[in-house]
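Written below as structure tokens is the structure these notes are about.
Values below: every heavy atom of this structure, side chains too, minus hydrogens, waters and symmetry copies.
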Amino acid sequence: DLYDRLAKLYWQRMDRIEDAETIYLQGLEATDQNSEVYKKLIVFYEIFEERVKLKFYVQEYLELYPEDTTVKQEWGYLLE
């Protein structure tokens with residue numbers, strides 16, 4: 001995915017974490033909330049221990065994609 005590759009370039013090669021986050025958020029908007037972009041953003045927030053943002057996007061994701069049991073199993077505990 002283009003957004004994931006670009007975000008990883010910013011964060012892993014250039015240490016520009018805020019720019020990487022911006023790329024993921026732009027990806028959500030540009031792809032009409034694509035589930036794969038959401039998952040990448042969720043993992044990004046988990047890596048950087050952004051618990052408030054992680055919880056927000058897990059909740060939003062599960063509202064849009066309630067049938068995705070993988071995300072629910074992995075991060076559902078945040079919503080309890």
**Message:** With salt bridge (Lys or Arg N to Asp or Glu O under 4.0 Å) as the rule and sequence neighbours excluded, what pairs involving residues 4-13 come up?
**Reply:** D4-K8, D4-K40

**Prompt:** Any idea which heavy atoms bring A20 and F44 closest together, and the distance?
**Reply:** CB-CE1, 4.0 Å

**Prompt:** Does the side chain of W75 come within less than 4.5 Å of T70's, by heavy atoms?
**Reply:** no

**Message:** Taking L41 as the starting point, is it possible to reach I23 by hopping between hydrophobic residues whose side chains are less than 4.5 Å apart?
**Reply:** no

**Message:** To the closest 0.5 Å, what do you measure between CD (E29) and OH (Y3)?
**Reply:** 9.0 Å

**Complete:** Interatomic distance, OH@Y45 vs CD@E50, rounded to 0.5 Å, equals 7.0 Å

**Message:** Could you tell me if the side chain of D1 sits less than 4.5 Å from the side chain of E36, heavy atoms only?
**Reply:** no

**Heavy-atom pair with the smallest gap, counting every atom of L79 and Q59** = CD2-CB, 3.7 Å

**Request:** Spell out, yes or no, whether Y77 and F56 are grouped together once hydrophobic residues are joined by side-chain heavy atoms under 4.5 Å, including indirect joins.
**Result:** yes

**Message:** To the closest 0.5 Å, what do you measure between CD1 (I42) and OH (Y57)?
**Reply:** 10.0 Å

**Asked** What about L2 and L25, same hydrophobic cluster or not, with Ile/Leu/Val/Met/Phe/Trp/Tyr joined at side-chain heavy-atom distances under 4.5 Å?
**Response** no

**Prompt:** When clusters are formed by joining ILVMFWY residues with side-chain heavy atoms under 4.5 Å apart, either directly or through shared neighbours, do L9 and I47 land in the same one?
**Reply:** no

**Asked** Can you tell me how far the CD atom of Q73 sits from the CG atom of D68, to the nearest 0.5 Å?
**Response** 9.0 Å

**Asked** To the nearest 0.5 Å, how far apart are CG in L64 and CD in Q33?
**Response** 5.0 Å

**Request:** Drop me the distance from D15's CG to I17's CD1, to the nearest 0.5 angstrom.
**Result:** 5.0 Å

**Request:** State, yes or no, whether a side-chain contact exists between N34 and L28 at a heavy-atom distance under 4.5 Å.
**Result:** no

**Asked** Hey, any chance F48 and M14 share a hydrophobic cluster, counting ILVMFWY side chains that come within less than 4.5 Å of each other, even indirectly?
**Response** no

**Request:** Report yes or no: do W11 and E21 form a side-chain donor-acceptor pair below 3.5 Å?
**Result:** no

**Message:** Just by distance, no angles: are the side chains of Y38 and E60 close enough, under 3.5 Å, to form a donor-acceptor pair?
**Reply:** yes

